[in-house]
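Comments concern the structure below.
This structure is a prediction, so every number in the text was calculated from the model and none was measured.
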Number of protein chains: 2
Amino acid sequence: MNPGKVSPKVTSGRSAGSNLHRKLAQSIGNQILSGVYAPGAILPNEADWCRIYGASRTTVREAVKTLTAKGLLKSRTKIGSRVEPRENWNILDRDVLAWHMASMNPQEFFASVQEVRKILEPEIAALAALNRTPQQLRAITEAFEDMRKARPGRSSVVPDVRFHLALLAAANNVLLSPFGIMIEAALTNMFEFTSTHNAEPDMFIPKHEGILKAVARGNANAARKAALSLLTDTDQTIAQVPIKARKARKAKS
Amino acid sequence: MNPGKVSPKVTSGRSAGSNLHRKLAQSIGNQILSGVYAPGAILPNEADWCRIYGASRTTVREAVKTLTAKGLLKSRTKIGSRVEPRENWNILDRDVLAWHMASMNPQEFFASVQEVRKILEPEIAALAALNRTPQQLRAITEAFEDMRKARPGRSSVVPDVRFHLALLAAANNVLLSPFGIMIEAALTNMFEFTSTHNAEPDMFIPKHEGILKAVARGNANAARKAALSLLTDTDQTIAQVPIKARKARKAKS
DNA sequence: AATCCTTATTTGTATGACAATTCGGCATGA
DNA sequence: TCATGCCGAATTGTCATACAAATAAGGATT
């Protein structure tokens, strides 16, 4: 994975980073997330990166700054750049999450996602029921309508995402907003592996409608319950794909 | 070039950004978070920043790249840099959260934090009870012991933070790890405003012990309940404290 | 053995130049 | 009037080079 010339791996060209420093950041980021450089390891220095990618030092440094800002790196004079411990990584950053997904077993990833979603989304729905503004309710409603109108399939994913993001926004707590990225990634990519939107629209729409109605009439408990129900439902759809047990992270003792 | 001509506002010189591009990023970041530049607004261009801070374009660009990586900005040729909508901000980034706190009403901030903590920490405790490794349990235990040993006061905050972070790590779900930053910020700064650690160590220690024991014997429900109890307890402590306006930490230069 | 100093390596900052992108207006034409 | 396409100017993107600053490592001195 380390050819002498241009870009080892410009994988997952999502979100179109046409800029060179962006491409470098993606490439290096992918290598870190995929374990080529483990936490604590010292990365090649700037001059090395210049040679590896055939880019100028300015560009390399901008890429490094980007990764540093996302918590993946830390640079020190005379030492070089060292990979930060995982708990400092900004995993809910759009790019970092993408790199993470690219180097992970999908089932394992969706297991983590669903775990978090089951914790958060019911409470998000409850908060939305309590705190939503009329405008936010309208946004949720519109997303729902578009969802219902859409034919099952790829296109129905978009309003589905919009629905959940609108719900999140309606919870009116900034500290929860980073999860928008996760939800978006989950719904969008789940489509690639499952056929949620094809399989059971008959289940799907009413469940969402249940959330909407509960939020509309400000019933937190009902909203919570409806959201949880949707999630467990999604779980079953996922479960059709062979599930692998959670990997116990190991260390020994 | 222009020595001594540093910045409109190099406030909250936290975490020692000795580097110039870091200082610029902090300064600009603070301005964005405090609303000087609202989402959608177009920032001064690179040449302007150079003049404003008396720094080279290289440095300015690295600062801008940092902010871009944190989701605060987006640069386009011929347009300049535009502030991104809030939902794209990486609010759980260490720096962004600090800037956010610096420009916010403390009560409001702690209200948001507690809301999220009450949602997450009980579930984190429950997950920890189920998924912890022996090593992770030991880390939690050690933090607890240090907490008990410490005299109430500032020093007891450190092991307290360690306790909660160890718990978080023991939940073994990467997607939750960004909240470590939030928990850390909450506990550390809460000390500045409340006297949690002075006021009721008699309450405090047993509550933590309850969580520890539940996690130790793998009882998820008990862990959840204990964690929630600690949180509602903390709520009361906060409520007692008359809020004084936060004093911006000042750095001069 | 301990301390201090020198040196080498690596990141940090500055400068000037040119490339690439694209917005905005202008000209042209239907 | 409106649409289309071209041109020029503003701004970010990339490059090359030079020097400054920090500091780890090893050697010199005591």
Side-chain angles (χ1 to χ4, degrees), chain A residues 5-7 10 13 15-28 32 37 40-84 95, chain B residues 1-7 10 13 15-29 32 37 40-84 95 253:
Chain A
K5 218 41 187 189
V6 184
S7 112
V10 192
S15 91
S18 186
N19 299 332
L20 186 48
H21 66 262
R22 233 177 156 68
K23 283 183 188 166
L24 295 210
Q26 284 199 347
S27 176
I28 300 175
I32 293 175
Y37 301 104
I42 294 199
L43 296 174
N45 64 27
E46 295 174 353
D48 291 335
W49 289 126
C50 289
R51 273 187 294 269
I52 292 173
Y53 292 105
S56 73
R57 215 183 132 211
T58 308
T59 302
V60 167
R61 280 181 60 81
E62 289 187 2
V64 167
K65 281 294 157 293
T66 296
L67 298 175
T68 301
K70 293 177 188 301
L72 301 184
L73 291 188
K74 202 171 215 172
S75 295
R76 286 181 54 195
T77 324
K78 170 75 188 208
I79 298 293
S81 296
R82 154 172 290 142
V83 180
E84 286 275 277
D95 297 320
Chain B
M1 263 303 137
N2 265 322
K5 160 117 184 215
V6 183
S7 98
V10 192
S15 98
S18 187
N19 299 333
L20 187 48
H21 65 262
R22 235 177 153 68
K23 283 183 188 166
L24 296 210
Q26 284 199 348
S27 176
I28 300 175
I32 293 175
Y37 301 104
I42 295 202
L43 296 173
N45 63 29
E46 295 174 354
D48 291 335
W49 289 127
C50 290
R51 273 188 295 269
I52 292 173
Y53 291 106
S56 73
R57 211 181 137 214
T58 309
T59 301
V60 167
R61 279 182 61 80
E62 289 187 1
V64 168
K65 281 294 158 292
T66 296
L67 297 175
T68 302
K70 293 178 188 301
L72 301 184
L73 291 187
K74 201 170 215 173
S75 295
R76 286 180 55 194
T77 321
K78 171 73 190 220
I79 297 294
S81 296
R82 154 172 289 143
V83 180
E84 286 276 277
D95 297 320
S253 29

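Considering only side-chain N and O atoms, A/S75 lies nowhere under 4.0 angstrom from the phosphate OP1 or OP2 of C/dT10. Remark: A/H21 is not in phosphate contact with D/dG13, judged by side-chain N or O atoms under 4.0 Å from OP1 or OP2.
At a cut-off of 3.5 angstrom, counting only N and O atoms as typed in the model, there is a donor on one side and an acceptor on the other between the side-chain of B/T58 and the base of C/dT15. With hydrogens and angles left out, the side chain of A/R57 and the base of C/dG12 share a donor-acceptor pair within 3.5 Å.
Rounded to whole Å, atom P of D/dT23 lies 12 Å from atom NZ of A/K78. Atom P of nucleotide D/dT12 and atom CG of B/L67 are separated by 14 Å, given to the nearest angstrom. Following rounding to the nearest Å, B/L24 (CG) and C/dA14 (C1') show an atom-to-atom distance of 13 Å. Atom-to-atom, CG of A/D48 to P of C/dT11 comes out at 8 Å; the value is rounded to the nearest Å. The distance between atom CG of B/N19 and atom C1' of C/dT13, rounded to the nearest whole Å, is 10 Å. Taking atom CZ of A/R82 as the reference point, atom P of C/dT11 lies 12 Å away to the nearest angstrom. Rounded to an integer number of Å, the gap from B/E46 CD to D/dT14 C1' is 12 Å. To the nearest angstrom, C1' of D/dT14 lies 17 Å from OH of A/Y53.
Set against D/dT23, C/dT22, D/dT12, the side chain of B/N45 has D/dT12 as its closest nucleotide. Candidate nucleotides C/dC23, C/dA14, D/dC15 were compared by shortest atom distance to the side chain of A/L20, and D/dC15 ranks first. Among the nucleotides C/dT13, D/dG13, D/dC15, the one closest to any side-chain atom of B/K65 is D/dG13. Closest to the A/S56 side chain, of the nucleotides C/dT15, D/dC15, C/dT21, is D/dC15. For A/I79, the listed nucleotide lying nearest its side chain is D/dA24; candidates were D/dA24, D/dT14, D/dT12.
Of the residues near DNA chain D, B/S81 and A/R76, the one whose nearest nucleotide (by heavy atom distance) lies more toward the 5' end is B/S81. When each of A/T77 and A/E62 is assigned the nucleotide of DNA chain D with its nearest heavy atom, A/E62 is the one assigned upstream, toward the 5' end.
Looking only at side-chain heavy atoms (C-beta outward), A/I32 and A/L73 come within less than 4.5 Å of each other. Using a 4.5 Å heavy-atom threshold, the side chains of A/L20 and A/Y53 count as separate. Annotation: side chain of A/L72 is not in contact with side chain of A/E84 (no heavy-atom distance under 4.5 Å).
Counting any heavy atom pair closer than 4.0 Å across all strands shown, A/R61 reaches a base atom.
The side-chain contact (heavy atoms from CB on, under 4.5 Å) with B/L24 is formed by just one residue from the set B/T59, B/I52, B/V64; it is B/T59.
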task = Verify side-chain contact (heavy atoms from CB on, under 4.5 Å) between B/L43 and B/V83, making sure each step is shown before the conclusion.
result = CA-CA 7 Å; B/L43 296 173; B/V83 180; 3.9 Å; yes

